[in-house]
Amino acid sequence: MLQLEHDWHQGQDYSLNFKAVNPTPSNLSRIYILQAQLSNQPGHSSMLQLEHDHTKGQDYSLNFKQKYTGSKKDWIATAQAQLSRILLQTTYWHKLSDKVEVTADLQVLSALLEQKFAPTFMLLVSGEIDHFKLNAAKVGIGVIIESSNLPPEEMGMPPQLPMFKHRLAQISV
């Protein structure tokens with residue numbers, strides 16, 4: 001595994017970073033990450049991250065994170081949204097004393113899987129977990145059948161063999 005990282009711009013309150021994981025042109029298994037961070041107020045920072053994962057085809061993800069820290073650094077609150085995975089997560093940490101800390105983690109997760117078996121036939125599976133509602137989870141399944149006027153060759157399917165309507169020869173004894 002090879003990982004290259006470069007800080008393009010590093011300012012007093014911002015940074016722009018580029019990361020490449022396995023950047024080999026011979027095989028197409030590579031991941032590129034572009035990340036921008038900004039902390040223009042004390043105790044507050046924001047991050048925007050764009051990720052291109054070529055190991056899973058042309059998979060893009062966009063992530064946004066916010067972080068707030070108390071002035072005494074005795075509490076931290078974060079919020080994160082992953083738009084490609086439809087994930088919203090919030091966390092809160094508070095230090096009550098030297099021996100007691102409290103943490104809360106809430107998230108809403110929604111996942112969607114589409115599997116194309118043929119150009120006109122897809123299977124769809126979805127699920128959602130909502131931590132704000134107690135024991136709330138949803139699961140769904142669907143089948144998508146499309147019609148097309150295109151010949152099989154133009155849809156990426158192998159060409160169909162011609163059907164024989166006439167006998168080539170008849171042997172009789």
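For the residue pair Leu123 and Gly142, the shortest heavy atom distance occurs at CD1-O, 3.3 Å. Between Thr69 and Lys67, the closest heavy-atom pair is OG1-CE, 3.8 Å.
A donor-acceptor pair shorter than 3.5 Å cannot be found between the side chains of Asn63 and Gln80.
We find the OG1-NE2 distance between Thr103 and His94 to be 11.0 Å, quoted to the nearest 0.5 Å.
Classified by interplanar angle (parallel below 30°, tilted 30° to 60°, perpendicular above 60°), the ring pair Tyr32/Phe18 is parallel.
Trp93 and Leu96 fall into different hydrophobic clusters, where Ile, Leu, Val, Met, Phe, Trp and Tyr side chains are chained together by heavy-atom contacts under 4.5 Å. When the side chains of ILVMFWY residues are joined at heavy-atom separations under 4.5 Å, either directly or via intervening members, Val143 and Ile141 end up in a single hydrophobic cluster. When hydrophobic clusters are built by joining Ile, Leu, Val, Met, Phe, Trp and Tyr residues whose side-chain heavy atoms come closer than 4.5 Å, directly or via intermediates, Tyr92 is grouped together with Tyr68.
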Side chain to side chain contact (heavy atoms under 4.5 Å, CB included) for Ile33 and Leu50? Distances and angles first, verdict last. CA-CA 6 Å; Ile33 300 171; Leu50 176 64; over 6 Å; no
Just do the side chain to side chain contact (heavy atoms under 4.5 Å, CB included) check on Thr91 and Ile76 with the steps written out, would you? CA-CA 8 Å; Thr91 59; Ile76 298 173; over 6 Å; no
Run the side chain to side chain contact (heavy atoms under 4.5 Å, CB included) test on Leu34 and Leu16 for me, step by step, so that the C-alpha distance in whole Å, both residues' side-chain angles and the decisive distance to 0.1 Å come before the verdict. CA-CA 8 Å; Leu34 181 63; Leu16 187 61; 4.2 Å; yes
Test side chain to side chain contact (heavy atoms under 4.5 Å, CB included) on His44 and Gln66 and set out the steps. CA-CA 7 Å; His44 175 254; Gln66 290 275 13; 2.8 Å; yes
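For the side-chain contact (heavy atoms from CB on, under 4.5 Å) criterion with Gln89, the lone passing option out of Thr78, Asp105, Leu106 is Asp105.
Surrounding CD of Gln10 are more than 12 heavy atoms belonging to other residues, nucleotides or ligands, all under 6.0 Å away.
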